[in-house]
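Below is one structure, written out as structure tokens; the observations come after it.
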Amino acid sequence: MEKPESTNNDQQPCLPKYDFVRQIVADDIRTGKWDQRTHTRFPPEPNGYLHIGHAKAICLNFGIAAEFGGKCNLRFDDTNPTKEEQEYVDSIIEDIKWLGWDWEDRLYFASDYFDQMYEYGVELIKKGKAYVCDLTAEETREYRGSLTEAGKGSPYRSRSVEENIELFEKMKDGEFKDGEKTLKAKNDMASANVNMRDPVMYRILHAAHHRTGDQWCIYPMYDWAHGLEDSIEGITHSICTLEFENHRPLYDWFLDALWIHHPQQIEFARLNLTYTVMSKRKLLRLVQDGLVSGWDDPRMPTLSGMRRRGFSPEAIRNFCKTIGVNKFNSTIDYALLEHCLRQDLNKTSPRAMAVINPVKLVIDNYPENESEELEAINNPDDPSAGMRKVPFSKELYIEREDFMEEPPKKFFRLAPGREVRLRYAYFVKCTDVVKDEKGEIKEIHCTYDSATRGGDSPDGRKVKATLHWVCAKNSKSAQVRLYDYLFTKENPDQAEEGEDFTANLNPDSLKILDNCFIEPSLADCGPLDRVQFERLGYFCVDPERTEDGRPIFNRTVTLRDTWAKMQKAQQKK
RNA sequence: UGGGGAAUAGUGUAACGGUAGCACGACUGACUCUGAAUCAGUUAGUCGGGGUUCGAAUCCCUGUUCCCCAACCA
């Protein structure tokens with residue numbers, strides 16, 4: 001058996017601490033409950049795109065299999081043809097692969113088991129534990145009773161086995177209309193657990209299925225199907241979310257009634273994240289109402305959105321490891337996700353310089369037509385990343401925010417009369433400012449000290465700031481997209497009367513900056529390449545380009561920024 | 001007013017009757033050619049009330065609060 005920390009190669013070794021799910025698995029291995037076998041599965045319904053909450057479940061299931069020398073299947077729970085689509089199947093496969101998990105040849109579909117499920121249904125009828133019911137959906141609801149009152153038995157409950165088998169077959173053969181009949185489990189209408197009150201096993205749905213087409217017009221319900229799927233695949237630990245805890249008795253009941261392999265269902269709490277909505281229904285709403293550009297909008301918590309935003313699989317996996325797993329609802333601070341992100345990106349992202357809100361900087365004492373190439377380090381945390389050349393000349397762009405005419409005490413960037421370093425280049429001293437009619441700064445004039453080439457002063461003189469810059473003549477134009485929280489509230493569902501979560505959408509969640517300059521080394525970057533723009537943040541090349549063919553950089557996350565923090569604190573005062 | 005779960009610093013998460021620890025955040029400071037990273041430090045917790053015990057976050061009783069369940073959704 002492999003200990004979890006031995007797969008933990010991106011963190012310092014830690015003591016072997018099992019979460020409660022792994023504890024159960026470890027105990028089962030110790031006691032030989034499953035013959036030393038560990039087999040999990042990730043069972044998504046293909047009715048939407050995967051999000052970071054699914055990543056938690058994926059990492060749990062695939063992670064446990066990997067750590068305990070077991071297997072994990074990918075199985076699509078495609079029992080409702082009215083909601084499911086091939087597009088979702090494809091995206092889910094892509095996303096899980098991208099996260100780095102492998103199900104080898106074990107890609108399964110619940111729809112592959114429809115024949116066998118039907119046979120199991122017949123078997124249950126024969127055992128007198130299922131019957132065909134003619135009650136409408138509404139009547140079924142009435143008969144079910146309420147949370148505090150027992151239900152009453154359907155009048156069709158006592159049909160003979162023969163009649164039930166015949167009717168069930170007719171259901172299958174399409175002799176009834178949608179909703180006309182159902183197959184129900186004959187369970188206990190007085191059960192305190194409402195799920196046990198003769199739950200529907202099959203409903204009639206004359207709908208084309210994305211895989212089985214028109215082959216079926218009856219489709220199994222989750223409660224009936226899910227346990228069978230797990231059983232058929234020989235799953236040992238059927239890990240699911242908390243809301244299925246109430247369904248476990250039924251899960252157990254079906255499998256015991258059939259005398260077939262009976263996995264253990266274990267429930268854990270879903271992931272909640274601040275400033276994020278996680279339900280597929282709400283994400284679908286954002287997409288369908290055009291409130292975002294699509295499932296892969298970089299502001300979405302979908303894996304495809306996060307990928308486009310620039311998240312790395314490692315960051316997400318490490319996040320999932322860090323948050324742990326438990327049985328009570330909690331909301332993870334988005335800052336923890338950002339921490340995991342920066343931790344990985346800092347190690348892996350090459351550095352470059354880009355100016356996203358440019359103002360011209362003219363070095364008056366630098367020769368007119370001269371230019372030179374300066375050495376820059378690609379990644380200070382990774383010497384093997386090497387060096388690159390960055391062009392420099394008389395006219396540069398720097399960040400508008402890096403200059404202040406009347407700097408407050410704590411501002412130690414460029415200001416009139418002040419000297420700063422241009423990264424990897426020279427010390428420059430501000431001598432003058434040129435403004436336009438509106439009073440906006442057009443140019444900042446400086447002189448440079450040629451003895452400081454490379455960025456060090458031979459006389460040991462210190463500067464308080466180092467600015468990033470880009471050569472006006474030799475840089476490339478790019479578009480940069482800055483993202484912020486999609487919602488303004490930590491809990492987006494907290495809305496006023498008559499409003500819903502969309503009322504909390506952040507109007508400033510996307511800012512497009514179209515006049516940005518990137519150093520020429522970035523010219524041949526490709527889709528989804530990640531880079532750190534020094535002093536700005538981590539960015540990722542969007543798969544699309546602007547209409548005029550310039551690259552688009554999505555800001556994944558800012559660098560931690562104590563200056564911005566200080567400014568914010570100032571504003572609050 | 002039925003049933004099923006759960007409660008540990010601001011947020012997560014350990015401690016399995018024996019010193020309440022870790023991470024994130026926040027706040028100091030050191031260092032720095034990224035106000036980044038790194039390093040050092042500070043901050044702050046067992047839901048309440050009873051019991052059992054030499055000793056309780058852990059066991060018992062009791063109260064409180066929160067989540068889930070009455071789709072022919074999953």
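Order of the sequence lines fixes the chain letters, A, B, ..., with proteins taken first and strands second; residue numbering starts at 1 for each chain.
Rounded to an integer number of Å, the gap from CG of A:Asp77 to C1' of B:rA74 is 7 Å. In this structure, A:Glu490 atom CD and B:rU11 atom C1' are separated by 9 Å, rounded to whole Å. At whole-Å resolution of the value, CD1 in A:Ile332 and C1' in B:rG25 are 13 Å apart. The interatomic distance linking A:Asp382 (CG) with B:rA37 (P) rounds to 18 Å, in whole Å. Note: CG (A:Asp19) to P (B:rA15) measures 10 Å, nearest angstrom. Taking atom CG of A:Leu242 as the reference point, atom P of B:rA6 lies 8 Å away to the nearest angstrom. In this structure, A:Lys321 places its NZ atom 15 Å from P of B:rC24, rounding to the nearest Å. In this structure, A:Asn80 atom CG and B:rA74 atom P are separated by 5 Å, rounded to whole Å.
Within the 4.0 angstrom heavy-atom criterion, base atoms lie near A:Gln23. Residue contacts for A:His226: at a heavy-atom cut-off of 4.0 Å it reaches no nucleic acid atom on any strand shown. Using a 4.0 Å heavy-atom distance criterion, A:Arg413 is classed as a base contact. Heavy atoms of A:Thr331 sit under 4.0 angstrom from primed sugar atoms or phosphate atoms, though from no base atom. In this structure, A:Ser330 reaches the sugar-phosphate backbone alone: every heavy-atom distance under 4.0 Å involves primed, P, OP1 or OP2 atoms, never a base. Using a 4.0 Å heavy-atom cutoff across all strands shown, A:Leu135 reaches at least one base atom of the nucleic acid. Residue A:Lys565 is in sugar-phosphate contact alone, with no base atom involved, counting any heavy-atom pair closer than 4.0 Å across all strands shown. Backbone-only contact: A:Arg560 has heavy atoms under 4.0 Å from sugar-phosphate atoms and none from a base. Note on A:Asn326: only backbone sugar-phosphate atoms sit closer than 4.0 angstrom, heavy atoms only; bases stay farther off. If you check every strand for non-hydrogen atoms under 4.0 Å, A:Leu147 touches a base. Nucleic acid contact class of A:Tyr219 (heavy atoms, under 4.0 Å, all strands): none. A:Phe244 comes within contact range of at least one nucleobase, with a heavy-atom separation under 4.0 Å. Within 4.0 Å of A:Tyr222, counting heavy atoms only, lies at least one base atom of the nucleic acid. Residue contacts for A:Pro43: at a heavy-atom cut-off of 4.0 Å it reaches no nucleic acid atom on any strand shown.
Donor-acceptor pairing under 3.5 Å is recorded for the side chains of A:Tyr49 and A:Glu87. For the residue pair A:Gln532/A:Tyr538, the side-chain donor-acceptor check at 3.5 Å is satisfied.
Only the P atoms considered, B:rU42 is 12 Å distant from B:rA23, to the nearest whole Å. A gap of 11 Å separates the C1' atoms of B:rU52 and B:rC61, to the nearest Å. Annotation: B:rA57 and B:rU13 have their C1' atoms spaced 14 Å apart (nearest Å). Distance noted for atom C1' between B:rA74 and B:rC68: 15 Å (whole Å). The same atom, C1', is picked in B:rU65 and in B:rA70; the two are 24 Å apart, to the nearest Å. To the nearest whole angstrom, the two P atoms, one in B:rC31 and one in B:rA14, are 38 Å apart. Spacing of P atoms, B:rG63 relative to B:rG2, comes out at 13 Å, to the nearest Å. Annotation: B:rG55 and B:rG5 have their P atoms spaced 32 Å apart (nearest Å).
Contact check, A:Thr562 against B:rA36: a side-chain N or O comes under 4.0 Å of OP1 or OP2. OP1 or OP2 of B:rA74 has not a single side-chain nitrogen or oxygen of A:Arg75 nearer than 4.0 Å. Between B:rG35 and A:Arg535, a contact under 4.0 Å exists linking OP1 or OP2 to a side-chain N or O. Put simply, A:Thr79 has a side-chain N or O that comes within less than 4.0 Å of OP1 or OP2 on B:rA74. Checking the phosphate oxygens (OP1, OP2) of B:rA71, a side-chain nitrogen or oxygen of A:Arg144 falls inside 4.0 Å. Between A:Arg203 and B:rA74 there is a side-chain N or O to OP1 or OP2 distance below 4.0 Å. Here A:Arg248 does not reach the OP1 or OP2 of B:rG4: none of its side-chain N or O atoms lies under 4.0 Å away.
Considering only side-chain atoms of A:Phe328, the nucleotide from B:rG12, B:rA6, B:rG35 that sits closest is B:rA6. Of the candidate nucleotides B:rG5, B:rG35, B:rC73, B:rG35 has the atom nearest to the side chain of A:Phe411. The listed nucleotides are B:rA6, B:rA74, B:rU34; the one nearest the side chain of A:Gln532 is B:rU34. With B:rA6, B:rC72, B:rU11 as the candidates, the nucleotide lying closest to the side chain of A:Thr182 is B:rC72. Closest contact between the side chain of A:Glu245 and the listed nucleotides B:rA36, B:rG4, B:rG3 involves B:rG4. The side chain of A:Asn246 lies closest to B:rG3, out of B:rG2, B:rG3, B:rG21. Listed nucleotides: B:rG12, B:rC24, B:rG2. Nearest to the side chain of A:Ala192: B:rG2. Comparing B:rC24, B:rC73, B:rG35 against the side chain of A:His339 picks out B:rC24 as the nearest. When distances run from any side-chain atom of A:Ala335 to the nucleotides B:rC24, B:rG12, B:rC72, the shortest one goes to B:rC24.
Take the nearest nucleotide of RNA chain B for A:Gly179 and for A:Asn329: the residue whose nucleotide is more 5' is A:Asn329.
Taking only distance into account, the side chain of A:Asn195 never meets the base of B:rC69 through a donor-acceptor pair shorter than 3.5 Å.
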>> Using the rule given for side chain to side chain contact (heavy atoms under 4.5 Å, CB included), can you reason through A:Leu482 versus A:Asp484, listing the C-alpha separation, both sets of side-chain angles and the distance that settles it, and then say yes or no?
In response: CA-CA 7 Å; A:Leu482 305 181; A:Asp484 197 353; over 6 Å; no
>> A:Tyr334 vs A:Tyr275, test: ring pair (Phe, Tyr, Trp, His ring centres under 6.0 Å). Steps then yes/no.
In response: CA-CA 7 Å; A:Tyr334 197 89; A:Tyr275 300 103; 7.3 Å; no
> Stepwise, does the ring pair (Phe, Tyr, Trp, His ring centres under 6.0 Å) test hold for A:Tyr426 with A:Phe392?
Replying inline: CA-CA 10 Å; A:Tyr426 295 97; A:Phe392 182 93; 5.3 Å; yes
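Annotation: side chain of A:Val470 is not in contact with side chain of A:Leu396 (no heavy-atom distance under 4.5 Å). In this structure the side chain of A:Val420 never reaches within 4.5 angstrom of the side chain of A:Lys464, judged on heavy atoms.
A salt bridge between A:Glu229 and A:Arg41 is absent, with no side-chain N of the basic residue lying under 4.0 Å from a carboxylate O of the acidic one. A salt bridge links A:Glu419 with A:Arg461: the distance from a Lys NZ or Arg NE/NH1/NH2 to an Asp or Glu carboxylate oxygen falls below 4.0 Å.
Here the straight-line distance linking atom CG of A:Leu250 with atom CD of A:Gln265 works out to 10.0 Å at 0.5 Å rounding.
Anti is the conformation of B:rA6, whose glycosidic angle sits further than 90° from 0.
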